[in-house]
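Following: one structure in C-alpha cells, then a few remarks.
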2 protein chains.
Amino acid sequence: MPTVSSEELAAAAGVNSAKLRKDFSYLGSYGTRGVGYDVEYLVYQISRELGLTQDWPVVIVGIGNLGAALANYGGFASRGFRVAALIDADPALAGKPVAGIPVRHSDDLEKIIQDNGVSIGVIATPAGAAQQVCDRLVAAGVTSILNFAPTVLSVPDGVDVRKVDLSIELQILAFHEQRKAGEEAAADGAVPATAARKQSAGKGPDGDMPAVMPA
Amino acid sequence: MPTVSSEELAAAAGVNSAKLRKDFSYLGSYGTRGVGYDVEYLVYQISRELGLTQDWPVVIVGIGNLGAALANYGGFASRGFRVAALIDADPALAGKPVAGIPVRHSDDLEKIIQDNGVSIGVIATPAGAAQQVCDRLVAAGVTSILNFAPTVLSVPDGVDVRKVDLSIELQILAFHEQRKAGEEAAADGAVPATAARKQSAGKGPDGDMPAVMPA
DNA sequence: ATGTCTTTGTGAACGCGTGCACAAAGATGG
DNA sequence: CCATCTTTGTGCACGCGTTCACAAAGACAT
C-alpha cells in the first residue's frame with residue numbers, strides 16, 4: 001500500500017508538518033501511526049471534501065474573448081466542472097460552436113438554468129450587462145456567481161459572488177517590483193525604511209500589500 | 001476641502017476603523033484630527049505607495065483568446081499599466097492588430113523587452129510553451145511574471161511569479177455550494193457538524209477552504 | 001483666549017492561528 | 001510477547017494581527 005508521511009507532504013508543499021496533520025485531522029483520522037497516510041484513500045477523502053467528486057454544471061454568460069478562453073480552458077473538467085451551456089446576447093453568435101459547445105441566445109437563459117439544474121454561473125460580459133445578467137441568473141436559481149466583469153455585483157443574501165479582477169494580480173506584481181527598486185535606493189541610506197517595508201516574502205496570496213485602493 | 005473620516009471609509013469598506021487608521025499610519029500622518037483625511041491627498045498618497053502613479057510597460061505573450069481578452073481589458077491602463085507589446089509564436093498573427101496593437105513575432109521577444117524597458121511579463125500561452133517563454137523573458141531582464149498557463153514555473157531567485165488559475169475561484173464557489181447543501185442536510189440532525197464547518201463567512205480571499213488539493 | 005467637540009494616532013489587551021513537543025498508537029523485528 | 005522505532009494526533013504555548021480604548025491634536029464657537 002503506497003503511503004506518504006505528513007513530513008514528506010509538508011516538505012513538498014513547503015508548509016509545517018504539524019499544521020498539515022492538524023488540517024487533515026479536521027477531515028477525520030485517516031493516517032496510520034508509524035506508517036503515514038494511504039495515498040489513494042487520502043486523495044479520495046480530500047477530493048470528496050472539496051467537492052471534486054461531484055458534477056457541477058456551470059453556465060458561462062458572455063462569449064467574448066474571455067468567455068471563449070474560459071470555455072476552452074481544460075482545467076474545469078478535471079475539477080468536476082461541466083460547461084452546461086454558453087450564453088450570449090448576440091444573435092449572430094447563436095448556434096456557433098465555441099470549444100465544441102454551441103452558443104445559445106440569452107433569451108433562453110432561465111430555461112437553460114432550470115433544465116440543467118445549474119447552481120453556478122460565470123459572468124464574462126461587459127461591465128454594463130453584468131448586473132442584469134446576474135439578476136436573471138439569481139432569479140433562475142443560481143446561488144454562486146463567478147464575476148469577471150469589472151463591476152461590483154449586488155445580490156440577495158444566500159448568494160455567493162466571487163469577483164476576479166485580472167489587473168489585481170498585475171497590481172501586486174507592480175507593487176513588489178516597485179519595492180525591489182526602492183530597496184536598491186534604500187541601500188544607499190537615503191530613504192528611511194518605512195514600517196510597511198519590514199517584510200517582503202512575497203509568498204502569501206497578497207503578500208504585505210495594502211488591501212484598499214482607489215478606483 | 002473635501003474630507004473623509006476613518007469611520008466613513010471603514011463602514012464603506014466593511015472593515016474596522018481602527019485597523020484602517022493603523023494601516024494609513026504606516027504611510028505617514030496624512031489625517032487632520034477632528035476633521036479626517038483630505039480625500040485628494042489621500043488618494044494621491046495611496047496611489048503613489050501602490051505604484052499607480054508609475055508607468056509600467058508590460059508584454060503579453062500568447063495571443064489566443066485569453067491573451068486577446070487581456071489586451072482588450074480596460075482595467076490595465078487606469079492602473080498605470082501600458083501594454084508595450086503583444087507577442088505570439090504564430091507567424092500568421094504577426095502584424096495583425098489586437099486591441100489596436102499589432103502582434104509581434106516571438107523571435108523579437110528579447111529586443112522588445114530591452115527596447116521598452118519591460119520588467120513585467122504576462123504569459124497566456126498553452127501550458128507546453130510557458131516555461132520556455134518564461135526562461136526567455138527572465139533572460140531578457142523581466143523580473144515579475146504573471147502566469148495564466150496551467151503550469152508551475154520555475155524561476156531564479158529575485159524573480160516574482162504569480163499564477164492565476166481560473167478554475168480555483170470556481171473551485172471555491174463549488175466548495176461553498178457543497179457546504180450550503182450540507183447545511184440543509186445537517187439541519188435534520190443526521191450528519192455531525194465537523195470542525196471545518198464551524199464558520200462559513202465566505203468573505204476572505206479563500207474563506208475557510210483547505211489549501212491543499214490533489215492535481 | 002479658553003472651552004468644547006470631533007477625529008486621529010497608537011499603546012495595550014485580546015484572540016486566533018501556527019508550531020512545538022510529546023503521549024498514544026500501531027508496525028516491525030527479535 | 002515484548003521491545004523498539006516510526007509517525008500520527010493533539011494539548012499547550014508562543015507570536016502576530018486585530019481591536020479596544022484613550023490621550024493628543026486640531027477645528028470651531030463663544
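Since we're looking at a predicted model, the values are computed, not measured. Here is the naming used below: chain letters follow the sequence lines, and residue numbers restart at 1 for every chain.
- Of the side-chain N and O atoms in B:Tyr26, none sit less than 4.0 angstrom from OP1 or OP2 of C:dT10.
- Rounded to an integer number of Å, the gap from B:Asp38 CG to C:dT8 P is 13 Å.
- Annotation: side chain of B:Phe148 is not in contact with side chain of B:Arg162 (no heavy-atom distance under 4.5 Å).
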Let's go through B:Tyr44 and B:Asp38 carefully: what are the C-alpha distance in whole Å and the side-chain angles of both, what is the deciding distance for side-chain hydrogen bond (donor to acceptor under 3.5 Å, both in side chains) to 0.1 Å, and is it a yes or a no? CA-CA 10 Å; B:Tyr44 168 72; B:Asp38 173 30; over 6 Å; no
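- Considering only side-chain N and O atoms, B:Ser5 lies nowhere under 4.0 angstrom from the phosphate OP1 or OP2 of C:dT7.
- At whole-Å resolution of the value, CG in A:Asp23 and C1' in D:dT10 are 13 Å apart.
- Nearer to the 5' terminus of DNA chain D, by closest-nucleotide assignment, is the contact made by A:Val35 (compared with the other of B:Gly34 and A:Val35).
- With contacts defined as side-chain heavy-atom distances shorter than 4.5 Å, the pair B:Thr143/B:Asp160 does not qualify.
- Judged by atom type and distance alone, A:Lys22 reaches the base of C:dG19 through a side-chain donor-acceptor pair under 3.5 Å.
- Residue A:Arg33 places no side-chain atom within donor-acceptor reach of the base of D:dT7, judged by atom type and a 3.5 Å distance cut-off alone.
- Going from atom CD of B:Glu7 over to atom C1' of C:dT6 covers 12 Å, rounded to whole Å.
- The phosphate of C:dT7 has neither OP1 nor OP2 within less than 4.0 Å of any side-chain N or O from B:Tyr30.
- In this structure, the CG atom of A:Leu9 is 13 Å from the C1' atom of D:dT7, given to the nearest Å.
- Atom OH in A:Tyr37 sits about 18 Å away from atom P in D:dT6, given to the nearest Å.
- Taking the six-membered ring where the residue is Trp, the centroids of B:Tyr30 and B:Tyr41 are separated by under 6.0 Å.
- Note: CE (B:Met1) to P (D:dG26) measures 13 Å, nearest angstrom.
- The phosphate of D:dG9 has OP1 or OP2 within less than 4.0 Å of a side-chain N or O from A:Ser29.
- In this structure, B:Arg136 contributes its side chain and B:Ser106 its backbone to a donor-acceptor pair below 3.5 Å.
- Of the candidates C:dA27, C:dT8, D:dT8, C:dT8 carries the atom nearest the B:Arg21 side chain, counting heavy atoms from C-beta on.
- A:Ser6 comes within 4.0 angstrom of the backbone, heavy atoms only, and of no base.
- For the pair A:Asn16 CG and D:dG15 C1', the interatomic distance rounds to 14 Å; values are reported in whole Å.
- Residues A:Thr32 and A:Ala18 both approach DNA chain C. Their nearest nucleotides, taken by heavy-atom distance, put A:Ala18 toward the 5′ side.
- If you measure from atom CD of B:Glu8 to atom C1' of C:dT8, you get 14 Å, rounded to the nearest angstrom.
- Between A:Lys19 and C:dG19, a side-chain N or O to OP1/OP2 separation shorter than 4.0 Å is absent.
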